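Worksheet: one structure, shown below.
Quantities reported herein were computed from a predicted structural model and do not represent experimental measurements.
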Amino acid sequence: MRRAFLQFRQLAFTVTVLLALLASATAARAADDTYAEMLGYLAQSRIDDRALSGSQGAIAVNQAAGDHNRQANLRAIAVGPNASTHVDARQRASGDVYDVPAQASATIGGSALAGAGGLASINQASGSGNAEVNAVSMVLAQQGMRESTTDRQQLSTVEFASAERQRAPHPAGRTASRNVAVEATALRGFEGALQLNQIAGSANETGNVLTLSLPPGP
């Protein structure tokens with residue numbers, strides 16, 4: 001009986017040691033993961049709180065988190081008897097080397113731009129090698145609005161509005177999480193024209209182009 005009891009105690013001790021070793025290994029692995037996350041490259045951009053709330057007129061925002069991101073907000077506005085506008089936007093890059101973030105997020109939240117109005121152009125990027133452009137070409141002229149497909153006859157033109165993304169041959173890392181969002185509380189009551197580019201990731205390109213040729217009012 002005593003021998004059986006000793007064997008049971010020995011078995012219980014062995015199980016306890018194995019559980020302790022397993023728990024130690026799990027904790028070590030969790031610590032390694034946490035440390036890896038701490039060393040990970042995080043890219044987060046956020047327009048929050050009451051940023052630009054109540055703003056009126058021409059609003060332009062470029063916000064980027066990461067490496068080698070290119071952004072532009074371009075406007076050409078003309079008023080007059082023989083007014084005309086032209087926008088030509090080009091962004092180029094080559095030979096850049098970058099790492100990609102482990103996590104990337106671009107968010108507009110809070111009460112950002114609440115009650116704002118006018119012409120708002122926003123570029124928001126989180127990551128690497130991205131390109132964004134917003135272009136606006138507007139004319140108010142006595143000639144009035146012209147319907148044409150040729151640049152020579154158009155009063156308001158955007159000949160080439162583009163952004164060129166940059167691809168790295170062998171980027172380091174991998175983006176496991178990507179998220180873009182405009183929260184329900186943001187932009188409430190905004191009135192006017194809004195151009196918005198949001199990117200979370202790498203080697204992406206986005207663009208918005210607005211052209212208007214309007215006759216004068218009565």
query = Under 3.5 Å, is there a donor-acceptor pair between the T185 and S111 side chains?
reply = no

query = Going from CD on Q71 to CG on N197, what distance comes out if it is rounded to the nearest 0.5 angstrom?
reply = 9.0 Å

note = When every non-hydrogen atom of F190 is compared with those of G118, the smallest separation belongs to CZ-O, 4.0 Å

ask   = Which value, rounded to the nearest 0.5 Å, describes the distance between L113 atom CG and L187 atom CG?
value = 5.5 Å

request  = Decide yes or no for V182 and L196: does some side-chain heavy atom of the first lie under 4.5 Å from some side-chain heavy atom of the second?
outcome  = yes

key: Under the side chain to side chain contact (heavy atoms under 4.5 Å, CB included) test, residues paired with A181 that sit two or more places apart   = T107, N179

note = When rounded to the nearest 0.5 Å, the distance separating CG of N123 from CD of Q63 is 10.5 Å

request  = Would you name the heavy atoms of N69 and G127 that are closest together and state the gap between them?
outcome  = ND2-O, 3.0 Å

key: Separation of I47 CD1 from L52 CG (nearest 0.5 Å)   = 7.0 Å

task = Check the pair S121, R75 against side-chain contact (heavy atoms from CB on, under 4.5 Å), reporting the backbone distance first and the verdict last.
result = CA-CA 10 Å; S121 302; R75 285 93 175 264; 3.0 Å; yes

task = Please lay out, stage by stage, how Q124 and N62 fare under the test side-chain contact (heavy atoms from CB on, under 4.5 Å).
result = CA-CA 6 Å; Q124 192 178 30; N62 288 322; over 6 Å; no

ask   = Hey, does L42 have a side-chain heavy atom less than 4.5 Å from the side chain of P101?
value = no

ask   = Below 4.5 Å, heavy atoms only, C-beta onward: do N134 and L74 meet side chain to side chain?
value = no

query = Do you know the tightest heavy-atom contact between Q195 and N208?
reply = NE2-O, 3.5 Å

inquiry  = If we ignore hydrogens and angles and just use 3.5 Å, is the side chain of N73 paired with the main-chain N or O of V61 as donor and acceptor?
reply    = yes

message = Just verifying a value: how many Å separate S128 OG and I199 CD1, rounded to the nearest 0.5 Å?
response = 11.5 Å

remark   = Tightest non-hydrogen contact, residues N130 and A203, listed as OD1-N, 3.2 Å

request  = Please identify each residue that fulfils side chain to side chain donor-acceptor pair (under 3.5 Å) with S105, with sequence neighbours left out.
outcome  = none

ask   = Between S126 (side chain) and S45 (backbone), is there a donor-acceptor pair under 3.5 Å?
value = yes

query = Are any of the side-chain heavy atoms of I59 and L119 separated by less than 4.5 Å?
reply = no

note = Contacts satisfying salt bridge (charged side-chain N to carboxylate O under 4.0 Å, His left out) that involve residues 179-204 (not counting sequence neighbours) are R46-E183

Stepwise side-chain contact (heavy atoms from CB on, under 4.5 Å) check, L194 with I122 = CA-CA 8 Å; L194 172 65; I122 302 173; 4.2 Å; yes

ask   = Roughly how far, to the nearest 0.5 Å, is the CZ atom of R178 from the OG atom of S202?
value = 7.5 Å

remark   = For T85 and A78, the nearest pair of non-hydrogen atoms, with its separation, is CG2-CB, 3.4 Å

ask   = Looking only at heavy atoms, what is the nearest atom pair of Y98 and D67, with distance?
value = CB-CB, 4.2 Å

